[in-house]
Amino acid sequence: MFKSIISLALFAGAALAQNIAIAQPPQGASVAPGSNMTVQLNKPNSLSSSEEVAVVIGIQSCSKSACSAPADILGEILYNGAYNPVYHEPQLPPYQNISVTIPASFPNGTAQIGIVHVNLIGAGPMPNLQTLNQTITIT
Ligand SMILES: *[C@@H]1O[C@H](CO)[C@@H](O)[C@H](O)[C@H]1NC(C)=O
Ligand SMILES: *[C@@H]1O[C@H](CO)[C@@H](O)[C@H](O)[C@H]1NC(C)=O
Ligand SMILES: *[C@@H]1O[C@H](CO)[C@@H](O)[C@H](O)[C@H]1NC(C)=O
Ligand SMILES: *[C@@H]1O[C@H](CO)[C@@H](O)[C@H](O)[C@H]1NC(C)=O
């Protein structure tokens with residue numbers, strides 16, 4: 001019992017250490033419909049091994065109703081493809097910039113970027129699915 005709690009905690013810790021973070025756009029960034037936006041996804045340095053699979057980036061409008069969790073609704077898919085974080089600047093963790101285009105007809109107001117990240121952790125390997133979100137403003 002105790003042992004399984006510990007291995008569960010280790011497992012969760014391993015998964016957390018392999019989770020990525022949204023470095024760009026910042027919370028509340030203003031973006032025009034039809035324009036390009038850089039989504040910068042950072043992968044923290046970590047000792048445990050993980051193999052990247054893919055990321056999906058979606059956008060949903062939340063100007064008329066509350067944003068849904070990206071695990072439930074991703075909205076319009078802006079990117080669905082490879083994730084290859086590499087070192088660029090020595091002071092930053094490995095990352096990849098992904099350029100996406102905001103649809104020209106996208107409604108003004110609050111919008112949410114939803115991200116799905118899939119990777120394989122450890123020797124198992126254990127599949128890991130992570131969802132992230134960032135709120136921006138379409139103006
Ligand atoms: C957005 O990026 C695409 C692909 O790089 C480019 O063809 C297009 O001109 C860019 N659009 C704007 C508004 O900068
Ligand atoms: C967005 O992510 C934050 C953590 O960064 C979380 O607290 C929040 O519940 C998420 N929102 C939705 C709608 O999933
Ligand atoms: C990634 O995007 C950020 C923000 O736009 C920029 O500062 C950085 O130079 C870009 N990195 C690369 C390697 O293009
Ligand atoms: C979006 O905002 C711009 C600038 O404020 C405005 O000109 C435009 O009419 C708005 N579009 C919609 C669909 O509300």
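Atoms within each ligand, like the ligands themselves, are counted from 1 in listed order.
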Please state which protein non-hydrogen atom is closest to atom 9 (O) of ligand 3 and give its distance, to 0.1 Å?
E89 OE2, 4.2 Å

E52 side chain to P85 backbone, donor-acceptor under 3.5 Å:
no

Name the closest protein heavy atom to atom 1 (C) of ligand 3, giving the residue it belongs to and the distance to 0.1 Å.
N97 ND2, 1.5 Å

Is a side-chain donor or acceptor of N19 paired with a backbone partner of Q130 at a separation under 3.5 angstrom?
no

P125 and L120 have their tightest heavy-atom pair at CB-CB, 3.8 Å

Mutual orientation of the aromatic rings belonging to H88 and Y95 [parallel < 30°, tilted 30-60°, perpendicular > 60°]
tilted

Do other residues, nucleotides or ligands put more than 12 heavy atoms under 6.0 Å from the CD atom of Q27?
yes

I need the nearest protein heavy-atom contact for atom 8 (C) of ligand 2: residue, atom name and distance, please.
N133 ND2, 3.8 Å

Any idea which of Q112, Q134, Q27, Q60 brings a heavy atom closest to atom 13 (C) of ligand 2?
Q112

Nitrogen or oxygen of N36 less than 3.5 angstrom from that of ligand 1:
yes

Are the side chain of Q60 and the backbone N or O of G114 linked by a donor-acceptor pair below 3.5 Å?
no

Distance filter under 4.0 Å to T38 heavy atoms, resulting ligand 3 atoms:
2 (O)

Which atoms of ligand 3 are found less than 4.0 Å from any heavy atom of Y95?
1 (C), 8 (C), 10 (C), 11 (N), 12 (C), 13 (C)

Protein heavy atoms: any of them under 4.0 Å from atom 5 (O) of ligand 1?
no

min-distance protein heavy atom vs atom 7 (O) of ligand 3 -> Q40 OE1, 5.0 Å

Go through ligand 2 atom by atom and flag the ones less than 4.0 Å from a non-hydrogen atom of P70.
14 (O)

Look up atom 11 (N) of ligand 3 and tell me if a protein heavy atom lies less than 4.0 Å from it?
yes

Does an N or O from H88, backbone or side chain, lie closer than 3.5 Å to an N or O of ligand 3?
no

Is it true that the side chains of T137 and T139 contain a donor and an acceptor less than 3.5 Å apart?
no

Shared hydrophobic cluster for I115 and I136 (ILVMFWY, side-chain gaps under 4.5 Å):
yes

